[in-house]
**Student:** 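Got a structure here, written out as structure tokens. Questions coming.
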Amino acid sequence: MSIVLILLIVVPVLLLWFFLDWREKKRVAAGLPRHSVIRLLFATVAILTTLFAGGCGALFLGSWIMDGMRSNNYVGWEIILVLSGPPLLVGIFIWWLSMRRGNV
């Protein structure tokens, strides 16, 4: 069971890593500068954070809407926003920082 959970984490990271590496090779072929390995690693982690936080929030929000948007003092749009919003925003911010061009 634990090997399946580890694979569920490792496989998406590797897929994103290879995609970003392929993208960087295309950038070098076009004569543009390449991002560093650390930037690609941070971008990979940020994309996964954004995907899982935003995806989970969207699923819960969709489920709440499909249930008629009633508040049962447990789940409402406020709690969905509070729990999924910050990781989503942090993931987008880290991705933006890792993919932007700069001398730093």
Side-chain angles (χ1 to χ4, degrees):
M1 181 68 177
S2 63
I3 293 189
V4 173
L5 293 176
I6 291 171
L7 285 176
L8 283 174
I9 294 171
V10 171
V11 169
V13 169
L14 288 176
L15 288 175
L16 279 172
W17 173 263
F18 286 123
F19 170 73
L20 289 173
D21 190 49
W22 170 78
R23 180 182 169 269
E24 291 301 312
K25 287 178 183 173
K26 267 180 57 173
R27 289 179 56 83
V28 169
L32 297 170
R34 183 177 168 90
H35 287 105
S36 69
V37 173
I38 298 296
R39 281 186 177 201
L40 292 180
L41 183 64
F42 277 120
T44 301
V45 171
I47 289 171
L48 288 175
T49 301
T50 303
L51 177 71
F52 290 130
C56 246
L59 286 175
F60 281 116
L61 189 62
S63 172
W64 177 72
I65 290 171
M66 294 301 284
D67 283 342
M69 296 187 285
R70 62 178 174 260
S71 179
N72 55 3
N73 294 329
Y74 182 66
V75 176
W77 67 269
E78 301 92 353
I79 195 69
I80 295 170
L81 181 65
V82 165
L83 293 179
S84 68
L88 178 71
L89 294 176
V90 167
I92 290 172
F93 182 66
I94 292 172
W95 177 81
W96 176 74
L97 285 177
S98 65
M99 288 287 111
R100 72 183 177 104
R101 286 277 163 223
N103 296 330
V104 180

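Residue indices begin at 1 and follow the sequence shown. The figures that follow rest on heavy atoms only: side chains count, while hydrogens, waters and symmetry mates do not. Small disclaimer: the values here were computed from a predicted structure and weren't measured.
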**Student:** Consider only side-chain heavy atoms of I, L, V, M, F, W and Y, link residues closer than 4.5 Å, and tell whether L14 and I6 are in one cluster.
**Tutor:** yes
**Student:** Under a single-linkage definition using a 4.5 Å side-chain heavy-atom cutoff for Ile, Leu, Val, Met, Phe, Trp and Tyr, are L59 and I65 assigned to the same hydrophobic cluster?
**Tutor:**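 No: no chain of side-chain contacts under 4.5 Å links L59 to I65.
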**Student:** Do you reckon W95 sits in the same ILVMFWY cluster as L89, going by side-chain contacts under 4.5 Å, direct or chained?
**Tutor:**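 Different clusters: W95 never reaches L89 through Ile, Leu, Val, Met, Phe, Trp or Tyr contacts under 4.5 Å.
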**Student:** Flag yes if F42 and V10 sit in one hydrophobic cluster, no otherwise; membership is Ile, Leu, Val, Met, Phe, Trp, Tyr, and two members link when side-chain heavy atoms are under 4.5 Å apart.
**Tutor:**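 Cluster IDs for F42 and V10 differ.
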**Student:** Could you give the distance from SG (C56) to CG (L61), rounded to the nearest 0.5 Å?
**Tutor:**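 One finds 12.0 Å between SG of C56 and CG of L61.
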**Student:** Flag the pair T44 / F18 as yes when at least one side-chain heavy-atom distance between them is below 4.5 Å, and no otherwise.
**Tutor:**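 T44 does not reach F18 side chain to side chain.
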**Student:** Which of these, L48, V45, I47, sits in a side-chain contact (heavy atoms from CB on, under 4.5 Å) with V13?
**Tutor:**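 Among L48, V45, I47, the one that satisfies the side-chain contact (heavy atoms from CB on, under 4.5 Å) with V13 is L48.
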**Student:** Quick one: do L88 and L51 end up in the same hydrophobic cluster if we chain Ile, Leu, Val, Met, Phe, Trp and Tyr together by side-chain heavy atoms under 4.5 Å apart?
**Tutor:** no
**Student:** Which atom names give the shortest non-hydrogen contact between P87 and A53, and what distance separates them?
**Tutor:**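 Scanning both residues, the minimum pair turns out to be CB-CB, 3.6 Å.
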**Student:** What's the spacing between I38 CD1 and S98 OG if we round to 0.5 Å?
**Tutor:** 11.0 Å
**Student:** Return the minimal non-hydrogen interatomic distance between P86 and L81, and the atom names on each side.
**Tutor:** CD-O, 3.6 Å
**Student:** Using every non-hydrogen atom in the two residues, find where G91 and A46 come nearest and quote the distance to one decimal.
**Tutor:**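 Heavy-atom minimum between the residues: O-CB, 3.2 Å.
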**Student:** Tell me which one of K25, K26, E24 satisfies side-chain contact (heavy atoms from CB on, under 4.5 Å) with W22.
**Tutor:** K26
**Student:** When you measure from the side chain of T50 to the backbone of I92, do you find a donor-acceptor pair of N or O atoms at a distance under 3.5 Å?
**Tutor:**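 A pair under 3.5 Å: yes.
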**Student:** Going by heavy atoms in the side chains, are L15 and F19 under 4.5 Å from each other?
**Tutor:**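 No - every pair of side-chain heavy atoms lies 4.5 Å or more apart.
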**Student:** Going by heavy atoms in the side chains, are T49 and I94 under 4.5 Å from each other?
**Tutor:**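 They are not in side-chain contact.
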